[in-house]
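Down below is the structure, laid out as structure tokens.
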Amino acid sequence: FKASNQAIFKDCLCRMPQAGLTERRDVTFSAPQIAVDLPQDRSMQPDLLASGPTELVFYAEDANDPAAGQGPVPVTVTALKQARYSGAARQMLFEGDCRCTMLREDPNVLTEYVIQSDQLIVDLAQDANVPAAGPAGGIKHLTATGGIVSLATTRTAKPGGAFAKALQDTNAKGLLGGIKLKCYRFDYDAVRQAFLATGPGLINLNNSQAAEPNDLSKGFSLRQPCWALLDRFDTLTYLIRENRIVADAGSRNMLIGYLSTVDGRQAEPIWAEAPHVEALLYQTPQGQQELSALTATGGIYYEDSSNRFRGSELFYDHKTSLVKVRGDEALPCNYNGALVDGIELDLNT
């Protein structure tokens, strides 16, 4: 349409090479209709409006193990209502039952990552030929918002792999574990290399079908068969470079729960409350995340089958399997109803 300087395409499939990858891949975008507003200044990028349902497929380098030789990992973004692209802002806006999915494979495990939200906003790096550093390739910032935002990670055993026995037992689907997060906004920032979930939110870990053998004497372990949760946080930040999680609930207390299974039987649950928690993680040789150390501050409460205590700060070290609690004048240590100077709990003994 010459008067409006607009082009409209029907039944569209757009394909172009994606720059900055270790192996050649093409970006694809499909939609029933795409309206392109062509700028008068041809040095400017056009604006696009795509009617839903839309699908975008691009690729990201494997952030977990870029040297593994797997190659770029496919990422699929779908939206039922529409998708808009602003050339001036280099921003993509997806609307209506949005879903972003990434699949990562290794010889033993298939891992699926899924984000679901009503709206998904993607800010791209200014120069498409120079992708931002990090797992999301050329994405500068990603925001999922609009009602409840859901994120899920699922790990499934592959036939012939180290966890193949999980396919033979009662766990017919070979499920090894998964994490689910619910919040009201989720952000990924490539510059800070950080993920931020804004709540009130809840994160659940279900590792009850874990097939990996583990030393069960080492206190809390996220690799052994277990369930864990963190509820009522206001903000939850994961700093990629530091492999550190920071959770905060302001003036309220978060609820922390942990339940392990030993020889098929559930152990006694462990519960804790605190307004601020920081956790350091490390990656195991099998590529899983394990808790290294945890610090809870601002007033804590801890309870298991035989111990109940309160204090000002709690420290947990996975290597020594020790929990230490300190008190202060405002929040002195209390162990099973008695005032004490401090508390040290050895989870092995």
Side-chain angles (χ1 to χ4, degrees), residues 59-77 99-116 134-136 144 149-183 186 188 195 197 201-216 218 220-230 236 238 240 243-245 256-264 266-267 279-292 318:
Y59 291 83
E61 296 292 354
D62 188 350
N64 291 314
D65 191 2
Q70 176 186 325
V73 179
V75 181
T76 303
V77 183
R99 183 183 178 95
C100 177
T101 305
M102 181 171 77
L103 291 174
R104 175 181 180 267
E105 284 192 67
D106 63 33
N108 301 314
V109 176
L110 175 65
T111 306
E112 182 181 47
Y113 306 87
V114 179
I115 302 175
Q116 292 179 282
V149 178
S150 172
L151 292 90
T153 301
T154 305
R155 299 176 68 251
T156 306
K158 292 179 65 177
F163 306 127
K165 65 179 182 180
L167 297 166
Q168 310 299 325
D169 59 17
T170 55
N171 179 28
K173 294 183 178 180
L175 181 65
L176 297 176
I179 300 174
K180 290 185 178 180
L181 167 67
K182 288 189 176 181
C183 58
F186 177 80
Y188 163 71
F195 295 97
L202 165 69
I203 184 167
N204 269 301
L205 180 143
N206 179 358
N207 212 26
S208 58
Q209 302 290 345
E212 180 183 344
N214 192 64
D215 183 356
L216 301 182
K218 289 294 184 181
F220 308 108
S221 173
L222 302 180
R223 289 186 292 158
Q224 69 185 38
C226 68
W227 290 267
L229 67 83
L230 177 65
L236 179 75
Y238 173 52
I240 299 172
N243 215 5
R244 179 165 64 100
I245 294 174
I256 305 160
Y258 178 83
L259 175 65
S260 63
T261 59
V262 180
D263 296 329
Q266 293 184 2
L280 286 174
L281 306 173
Y282 69 92
Q283 186 165 299
T284 70
Q286 291 77 20
Q288 291 181 267
Q289 297 287 353
E290 178 62 284
L291 181 63
S292 172
H318 181 70

- Message: Any heavy-atom pair between the side chains of Val114 and Arg99 that's under 4.5 Å?
- Response: yes
- Message: Nearest 0.5 Å, please: how far is CG in Leu110 from CZ in Arg155?
- Response: 10.5 Å
- Message: Would you call the rings of Phe195 and Tyr188 parallel, tilted or perpendicular, taking 30° and 60° as the class edges?
- Response: tilted
- Taking the side chain as every heavy atom from C-beta outward, state whether Cys226 and Asn206 have any pair of such atoms under 4.5 Å apart. no
- Task: Would you check if Ile203 and Lys180 make a side-chain contact, meaning some heavy-atom pair closer than 4.5 Å?
- Result: no
- Message: I need the minimum non-hydrogen distance between Cys100 and Val75, along with the two atoms involved.
- Response: SG-CG1, 3.8 Å
- Message: Distance check, rounded to the nearest 0.5 Å: Glu105 atom CD versus Glu112 atom CD?
- Response: 11.5 Å
- Query: Under the criterion side-chain contact (heavy atoms from CB on, under 4.5 Å), which of Asn204, Leu236, Leu202 is the partner of Leu230?
  - Reply: Leu236
- With a 4.5 Å limit on heavy-atom distance, are the side chains of His318 and Glu290 in contact? yes
- Task: Supply the atom-to-atom distance Ser292 OG to Asn243 CG, rounded to the nearest 0.5 angstrom.
- Result: 9.5 Å
- Task: Give a yes or no answer on whether the side chain of Asn207 reaches the backbone of Pro225 with a donor-acceptor pair at less than 3.5 Å.
- Result: no
- Item | Contact summary for Ala144 and Val149, nearest pair of heavy atoms | O-CG2, 3.5 Å
- Is there side-chain contact between Tyr238 and Arg244, with at least one heavy-atom pair below 4.5 Å? no
- Query: To the nearest 0.5 Å, what is the distance between OG1 (Thr154) and CG (Leu103)?
  - Reply: 10.5 Å
- Item | Interatomic distance, Thr153 atom OG1 to Leu205 atom CG [nearest 0.5 angstrom] | 10.0 Å
- Item | pair Thr101-Tyr113: side-chain heavy atoms closer than 4.5 Å | no
